[in-house]
Amino acid sequence: MQFVSTRGQAPVLGFSDAVLAGLASDGGLYVPQTWPQVGAAEIAAFAGKPYAEVAYAIISRFTGDEVAPQKLKAILDEAYASFRHPSVTPLLELEPNHFVLELFHGPTLAFKDVAMQFLSRMMDHILAERGLKATIVGATSGDTGSAAIEAFRGRDTTDIFILHPQGRTSPVQRLQMTTVLDHNVHNIALEGTFDDCQNIVKAMFNNHRFRDRVRLSGVNSINWGRIVAQIVYYFTAAVSMGSPHRKVSFTVPTGNFGDIFAGYCAKAMGLPIDRLVIATNANDILRRTMDTGRYEMDGVAPTISPSMDIQISSNFERLLFEGAGRDAGAVVRMMDGLKQSGGFALPENALATIRRDFAAGTTGEAETKATIATTLKASGYLLDPHTAVGVHVARAHLGATPMVTLGTAHPAKFPAAVKEASGVDAALPAWLADLHSREERLAVLANDQHAVEEFISARTRAA
Ligand SMILES: Cc1ncc(COP(=O)(O)O)c(C=O)c1O
Ligand SMILES: N[C@@H](CCOP(=O)(O)O)C(=O)O
C-alpha cells in the first residue's frame with residue numbers, strides 16, 4: 001500500500017515511512033493511494049471476534065508486507081490488553097435506536113488511547129528495525145497529549161514533546177500529562193490556544209532543516225498511523241448492530257476531524273454507514289462550513305468540552321481532497337486561502353460530495369449541561385461534556401437507521417463541568433486516584449516557534 005499527500009508534491013511513501021513522516025513534506029496529509037475493500041462476508045465474519053483480531057484484518061490492509069503478520073498481531077494484542085474492558089470499545093443502548101460507543105476504557109480515559117497504544121508500539125518497532133531514534137512532537141487540547149505521553153513514556157527510541165495551551169485544559173487532563181516524569185517526556189505549556197500549538201507543530205514540520213536534524217515525527221491525527229487504528233471501531237460497532245445487513249449512522253463529537261474521518265474511511269472500505277454526523281460545540285466552524293459552503297475562521301471560545309475548542313480542523317483537508325475528486329491543486333488553493341485570509345470557499349463538487357455523506361449540528365454550553373443532566377435522569381448514564389455534545393446533536397438526527405454516538409471521554413476527566421451539570425462527583429479510577437498529589441514537571445513557553453525549537457533541540461536525544 002502506498003500513501004499520497006493531499007497537496008500532491010511530497011514523495012509517495014509506504015506505510016512505515018508515512019507513519020514516521022507524520023506530516024507530508026509539502027505540508028499535506030498522507031492518505032492511501034486507493035481504498036482497500038472489505039467484502040460483506042468478511043464484515044459479517046467479524047461478529048464475535050476479539051477486537052485485536054478485527055484490528056489486524058483492517059490494519060494489515062494498510063501495512064501490506066511492510067510489517068510481518070506475527071509482529072503486527074503481537075503489537076495489536078499488546079496494545080488492546082491495556083484496556084480495562086474485555087470488548088475494548090463496548091457499545092450500550094442509551095435510548096431506543098440510539099447507542100453510545102464507549103471509547104474511553106484505555107489507560108488515559110479517552111478515545112485517543114485506542115490509536116496511541118497501537119501507534120507507539122508500531123513506531124517503536126519501525127525505529128528499532130532501522131536502528132534510529134526520533135523526536136515526537138504533538139499539539140494537544142488535553143487528550144491527545146496524555147494518551148501519547150502514556151503510550152510513549154520510557155521508550156528508548158523516542159523523546160516526546162507535547163504542547164498544550166496553558167490554562168485551557170481541564171486540571172485532570174493537565175495532570176495526566178505533567179505528572180509523568182519519565183526521562184523521555186517533555187511538557188510545554190504554550191502561552192496561546194490549541195490552534196497556536198498545532199500551528200507551531202506544523203511549522204516545525206515545514207522547517208525542513210530542523211525536521212531532519214531532530215528526526216521529527218508526529219502523533220497528532222495528521223499522522224495516518226492514528227487514523228488507521230480509529231477505523232477499526234466503526235467496523236466492530238456496526239457489526240454488533242447487524243452490519244453488513246443493516247446500515248448504521250454515527251455521530252462524532254468533532255474538533256480536529258480525525259475521528260469522524262476514520263468513519264469516512266470505514267465507509268470507503270465498504271462498511272454500510274448511512275450518515276456521519278459532525279457534532280461541534282460552540283466552536284462551530286465545521287457546522288457553519290456545512291451550512292454555507294465557506295470555511296471561515298472567527299476565533300476560539302473556551303468551552304466545557306475543551307478538547308474540541310479548535311478552529312483549524314486538520315483532517316478536514318483529507319476530506320476536501322476526497323470531496324474534490326483527489327484534486328491536490330484544489331486543496332492547495334483552499335489551504336492558501338486559509339493561510340492568507342482565514343477562509344476559503346469549497347468547490348461545488350466537493351461540497352455536494354461531502355453533504356451526501358455528512359450532516360452536522362452544534363451543541364451550545366447550556367445544551368451540553370442540560371444533556372448531561374437529563375440523560376442522567378432518564379437513563380442513569382453519566383456523560384462527559386464531549387460525548388454530551390454528540391448525544392444532543394445525534395438526537396436531532398435520529399430516524400429509522402440506528403444511531404451510534406461516539407463516547408470520546410470518561411466523565412472523570414472533566415469533574416467540574418460534570419458536577420455543575422449533574423451534581424455528581426465523577427470519581428477517577430483507582431490507578432489515577434492520587435493524581436492530584438503527584439509531582440508536576442512542565443515548561444511554560446511563549447507562542448514562538450523559535451523558542452519551542454530551541455527547547456526541543458537542547459533536550460532531544462535524536463539530533
Ligand atoms: C474527548 C474528545 N472528544 C472529541 C474530540 C474531537 O476529536 P477529533 O479531533 O478527532 O475530531 C477530542 C479531541 O480530539 C477529544 O479529546
Ligand atoms: N482534541 C485533541 C486535539 C488534537 O487532536 P488530534 O486527534 O489531531 O491529535 C486533543 O485532545 O488533544
Side-chain angles (χ1 to χ4, degrees), residues 22-23 29 100-104 106 108-116 119 136-149 151 162-165 168-170 172-174 176-177 190 193-199 201-202 218-227 229-231 233 250-265 276-281 283 285-287 300 303-319 358 360 363 368 383-391 393 405-414 417-418:
L23 193 69
L29 278 66
V100 171
L101 179 63
E102 292 187 337
L103 300 173
F104 48 75
T108 69
L109 311 178
F111 79 94
K112 311 285 179 166
D113 289 322
V114 180
M116 216 62 89
L119 183 61
I136 308 279
V137 289
T140 189
S141 50
D143 288 332
T144 291
S146 43
I149 285 172
I162 295 293
L163 284 69
H164 72 264
R168 286 177 181 250
T169 69
S170 83
V172 171
Q173 287 179 309
R174 187 193 76 243
Q176 281 183 301
M177 297 188 276
L190 197 84
T193 64
F194 167 76
D195 288 316
D196 295 325
C197 297
Q198 184 159 251
N199 283 340
V201 165
K202 287 185 180 169
V219 285
N220 282 106
S221 54
I222 51 177
N223 191 321
W224 176 255
R226 283 276 308 282
I227 304 294
Q230 293 175 207
I231 297 172
Y233 46 71
F250 290 89
T251 298
V252 187
T254 296
N256 229 1
F257 211 79
D259 213 5
I260 197 162
F261 186 74
Y264 175 88
C265 302
L276 287 160
V277 184
I278 303 163
T280 74
N281 66 18
N283 297 294
I285 187 163
L286 290 167
R287 204 258 311 141
V300 188
T303 70
I304 57 167
S305 45
S307 302
M308 288 152 55
D309 293 347
I310 295 176
Q311 285 286 294
I312 304 171
S313 187
S314 291
N315 283 279
F316 198 57
E317 178 168 341
R318 285 186 163 116
L319 185 65
F358 290 83
T363 306
T368 306
L383 295 164
D384 97 282
H386 303 77
T387 311
V389 166
V391 164
V393 169
T405 296
L406 269 51
T408 51
H410 191 289
K413 291 195 91 162
F414 309 94
V418 169

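Since the structure is predicted, the reported quantities are computational estimates derived from the model, not experimental observations. Each ligand, and each atom within it, is numbered from 1 in the order the structure gives.
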Given a heavy-atom cut-off of 4.0 Å, could you list the residues near ligand 1 in chain and number order?
Phe111, Lys112, Asp143, Pro253, Thr254, Gly255, Asn256, Phe257, Gly258, Asp259, Ser307, Met308, His386, Thr408, Ala409
Applying side-chain contact (heavy atoms from CB on, under 4.5 Å) to Tyr264 and Leu276, what does each step give before you reach the verdict?
CA-CA 8 Å; Tyr264 175 88; Leu276 287 160; 4.1 Å; yes
What I'd like to find out is whether the side chain of [X] reaches to under 4.5 Å of the side chain of [Y], using heavy atoms alone.
| X | Y | value |
| --- | --- | --- |
| Ile162 | Ile149 | yes |
| Lys413 | Ser307 | no |
| Ser141 | Asp309 | no |
| Gln198 | Asn256 | yes |

Just one of Gln176, Gln173, His386 clears the side chain to side chain donor-acceptor pair (under 3.5 Å) bar with Asp143, so which one?
Gln173
Check the side chains of Lys112 and Thr140 for a donor-acceptor pair under 3.5 angstrom, ignoring hydrogens and angles.
no
Is it true that the side chains of Arg318 and Asn315 contain a donor and an acceptor less than 3.5 Å apart?
yes
Ordered by chain then number, the protein residues lying under 4.0 Å from ligand 2 by heavy atom are Lys112, Ala139, Thr140, Ser141, Gly142, Asp143, Thr144, Phe194, Asn220, Ser221, Arg226, Asn256, Ser307
Students often mix this up, so state it plainly: with edges at 30° and 60°, are the rings of Phe316 and Phe257 parallel, tilted or perpendicular?
perpendicular
